[in-house]
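All values derive from a computational prediction rather than experimental measurement. Along the sequence shown, the residues carry numbers beginning at 1.
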Amino acid sequence: QVQLVESGGGLVQAGDSLRLSCAASGRAFINYPMGWFRQAPEKEREFVAAISLSGARTYYSDSVKGRFTISRDNAKLTVYLEMNSLKPEDTAVYYCAASPVFEGATQIYNYEYWGQGTQVTVSS
């Protein structure tokens, strides 16, 4: 079992950067491909980025490709989401999640463990 805790959210202006962290409990973390999702008010939760077990392969939604970077440090049991050139439409609660099987999965049902989320607000 994996427990996930996100941090690093906040209120920023358009064009600014933020780095989100997702700390995992337990060495089982290294066995899980990881993902980031986000949910804006009154919208469905959507895929943002995913990363393989080793971190060698990454996947992004079209809306964040070129601006966001996902990475992981298995020694620290942590996955990161570096967000640059933030836009007001990036405003959402951001969640990290662990998938027991699927690398690069974009569907919520492919992820078994979820964090509580961290709020990111981008003002114009």
Are [X] and [Y] in one and the same hydrophobic cluster, where Ile, Leu, Val, Met, Phe, Trp and Tyr link if side-chain heavy atoms are under 4.5 Å apart?
X: Ile70; Y: Leu77; result: yes
X: Phe47; Y: Leu20; result: no
X: Ile30; Y: Val2; result: yes
X: Tyr60; Y: Tyr111; result: no
X: Tyr94; Y: Tyr80; result: no

Nearest 0.5 Å, please: how far is [atom2] in [Y] from [atom1] in [X]?
X: Ser99; Y: Ile108; atom1: OG; atom2: CD1; answer: 13.0 Å
X: Gln116; Y: Ser7; atom1: CD; atom2: OG; answer: 13.5 Å
X: Arg72; Y: Thr58; atom1: CZ; atom2: OG1; answer: 12.0 Å
X: Tyr95; Y: Gln39; atom1: OH; atom2: CD; answer: 5.5 Å
X: Ile51; Y: Cys96; atom1: CD1; atom2: SG; answer: 12.5 Å
X: Phe29; Y: Leu4; atom1: CZ; atom2: CG; answer: 8.0 Å

Identify the heavy atoms of [X] and [Y] that sit nearest to each other, and give their distance.
X: Pro33; Y: Phe102; answer: CB-O, 3.7 Å
X: Asn110; Y: Pro100; answer: O-CD, 3.7 Å
X: Ser71; Y: Val79; answer: O-CG2, 3.0 Å
X: Ser21; Y: Thr78; answer: CB-CG2, 4.2 Å
X: Ala14; Y: Pro88; answer: CB-CD, 4.1 Å
X: Asn31; Y: Leu53; answer: C-CD2, 3.1 Å

Ring-face cation of Arg45 near Phe37 (centre distance under 6.0 Å, axis angle within 45°)
no
Taking everything shown except Glu89 itself, do over 12 heavy atoms lie less than 6.0 Å from its CD?
yes
[X] side chain vs [Y] backbone, donor-acceptor pair below 3.5 Å:
X: Arg57; Y: Ser52; value: no
X: Thr91; Y: Val122; value: yes
X: Ser25; Y: Gln3; value: yes
X: Gln13; Y: Ser123; value: no

Sub-4.5 Å side-chain heavy-atom contact between Tyr113 and Tyr32
yes
Trp36 side chain reached by Cys22 side chain, heavy atoms, under 4.5 Å:
yes
Flag the pair Lys87 and Asp90 as a salt bridge only when some basic side-chain nitrogen lies within less than 4.0 angstrom of an acidic carboxylate oxygen.
no
Go through the steps to decide whether Phe68 and Leu18 satisfy the test side-chain contact (heavy atoms from CB on, under 4.5 Å), and finish with yes or no.
CA-CA 10 Å; Phe68 290 12; Leu18 273 178; over 6 Å; no
Would Glu46 and Arg38 satisfy side-chain contact (heavy atoms from CB on, under 4.5 Å), going step by step from the backbone distance to the final call?
CA-CA 5 Å; Glu46 65 174 3; Arg38 66 186 182 187; 2.7 Å; yes
